[in-house]
Number of protein chains: 2
Amino acid sequence: MSITPKVLLRSLSDQTRLRCLMLLIQEGELCVCELTHALDLIQPKISRHLASLRDMQIVNDRRAGQWIYYSINSVLPDWANELLQATLKGSKNEKQFKDDLKKLKGMPNRPNNRICA
Amino acid sequence: MSITPKVLLRSLSDQTRLRCLMLLIQEGELCVCELTHALDLIQPKISRHLASLRDMQIVNDRRAGQWIYYSINSVLPDWANELLQATLKGSKNEKQFKDDLKKLKGMPNRPNNRICA
DNA sequence: ATAATATATATGTTTGACCGTATATATGTC
DNA sequence: GACATATATACGGTCAAACATATATATTAT
């Protein structure tokens, strides 16, 4: 079964999950420590919300050494991708989003997440 | 100030508000009793959620005699309209949405909501 | 094996949002 | 005026979900 509007919208209704997803859409793949740094929240909180997004099949995870990388599920239905893109479009004006992105870019010692190093 | 993703997504996270909005997008303008009938919920519940959507400037209301008609705010930003359209696209497969629409169409004594009668 | 780092999860608590019931308000009809 | 219909709101209760803290697990390095 594929995701429903009910499930996706419920997930997007929490600010922490929304902020994570916006960064993931924009950046492609991020690990927990990058998201923790960018959002300036405690690690268990980020992990908990990412686990929830994984359970809803909105994101996928991949282990690489001690890091676990999350990314948007690549096989979401069209309407879901369109919904996420519309949300990103709306978020780009938001101070919160800009700040998160800036914080991410400025993170020291970012782990290298390139699959082909 | 215009609506934010945070506010719109929070509004869409409740099933009652989501169902109302999907019918409003599809049908243009509906009164409280039509929505109450279509969703098969009690009137105060519908009114409460519509008031919330009005407060968030997602819908407008208009009185016509004893009826109050609600419709999607016509000056939402592009991203918000795109988000709603994507949601509608995803909802059209859903049994819940189909049932709501069928119930609305089959409602006896629907008030006539045409502005120019 | 010990220590350090990254991530996940368990636990108990709190809070905000939704709920149903009751009631108030507004309009129309007789 | 009295009554019916449509809608809004106030009130108190309930519950899901989010929270912080503490701890467990996994990986890497020394």
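Labels below follow one simple rule: chain letters A, B, ... track the order of the sequence lines, proteins then strands, and each chain is numbered from 1. None of the values given here were measured: they were computed from a predicted structure. Side chains included, hydrogens not; waters and symmetry mates left out as well; all remaining heavy atoms used.
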- prompt: In chain order, what residues pass the side-chain contact (heavy atoms from CB on, under 4.5 Å) check against A/Gln66, with sequence neighbours excluded?
  reply: none
- prompt: With sequence neighbours excluded, what pairs up with B/Ile25 under the side-chain contact (heavy atoms from CB on, under 4.5 Å) test?
  reply: B/Met22, B/Ile72, B/Leu84, B/Gln85, B/Leu88
task: Compute the bend angle of the helix from C/dA1-D/dT30 to C/dC30-D/dG1 from the end axes (five pairs per end), rounded to 10°.
output: 20°
task: Would you indicate which nucleotide in C/dC19, D/dA8, D/dA20 comes nearest to any side-chain atom of B/Ile68?
output: D/dA8
query: What integer distance in Å separates A/Leu53:CG from D/dA18:P?
result: 10 Å
task: Can you tell me which residue pairs pass the salt bridge (Lys or Arg N to Asp or Glu O under 4.0 Å) test with a partner in residues 76-88 of chain A, sequence neighbours excluded?
output: A/Glu82-B/Lys89
- prompt: In chain order, what residues pass the side-chain hydrogen bond (donor to acceptor under 3.5 Å, both in side chains) check against B/Ser47, with sequence neighbours excluded?
  reply: B/Gln43
message: Just so I know, are the side chains of A/Thr87 and A/Leu21 near enough to count as touching, which here means a heavy-atom distance under 4.5 Å?
response: no
message: Considering every strand and a 4.0 Å limit on heavy-atom distances, what is the contact class for A/Leu50: base, sugar-phosphate, or nothing?
response: nothing
message: With a 4.0 Å limit, can you tell me whether B/Tyr70 has a side-chain N or O closer than that to the phosphate oxygens OP1/OP2 of D/dA8?
response: yes
message: B/Asp100: which residues meet the salt bridge (charged side-chain N to carboxylate O under 4.0 Å, His left out) condition with it, sequence neighbours left out?
response: B/Arg19
message: Can you measure B/Asp40 atom CG to C/dG20 atom P for me and round it to whole angstrom units?
response: 12 Å
task: Quick one: label B/Ile46 by what it contacts on the DNA or RNA (base, sugar-phosphate, nothing), any heavy atom closer than 4.0 Å.
output: nothing
statement: Residues passing the side-chain hydrogen bond (donor to acceptor under 3.5 Å, both in side chains) test with B/Lys98, sequence neighbours excluded, are none
field: B/Asp99: partners by side-chain hydrogen bond (donor to acceptor under 3.5 Å, both in side chains), with sequence neighbours left out
entry: B/Lys95
Contact residues, residues 10-23 of chain A to DNA chain D [heavy atom, < 4.0 Å]: A/Arg10, A/Asp14, A/Arg17
query: Between B/Ile46 and B/His37, is any pair of side-chain heavy atoms under 4.5 Å apart?
result: no
query: For A/Leu41 and D/dT21, what is the distance between atoms CG and P respectively, to the nearest whole Å?
result: 13 Å
field: Spacing between B/Leu35 atom CG and D/dA6 atom C1', to the nearest angstrom
entry: 13 Å
- prompt: Hey, does B/Trp79 have a side-chain heavy atom less than 4.5 Å from the side chain of A/Lys92?
  reply: no
- request: Rounded to the nearest angstrom, tell me the gap between atom CZ in A/Arg48 and atom P in D/dA20.
  value: 7 Å
Side-chain polar contacts of residues 52-61 of chain A - donor-acceptor pairs under 3.5 angstrom, sequence neighbours left out - could you list them?
{"unit_1": "A/Arg54", "atom_1": "NE", "unit_2": "A/Asp61", "atom_2": "OD2", "d": "3.1"}

message: Both B/Trp67 and A/Lys45 contact DNA chain D. Taking the nearest nucleotide for each, which residue is further toward the 5' end?
response: B/Trp67
Provide a list of protein-nucleic acid N or O atom pairs under 3.5 angstrom, restricted to nucleotides 23-30 of chain D.
none

Report all side-chain donor-acceptor pairs from residues 6-13 of chain A shorter than 3.5 Å, counting only partners two or more places apart or in another chain.
{"unit_1": "A/Ser11", "atom_1": "OG", "unit_2": "A/Val7", "atom_2": "O", "d": "3.3"}
{"unit_1": "A/Ser13", "atom_1": "OG", "unit_2": "A/Arg10", "atom_2": "O", "d": "2.7"}

query: Under 4.0 Å: is that the gap between some side-chain N or O of A/His49 and OP1 or OP2 of D/dA17?
result: no
message: Just the rounded figure in Å: distance from C1' of C/dA6 to CZ of A/Arg110.
response: 16 Å
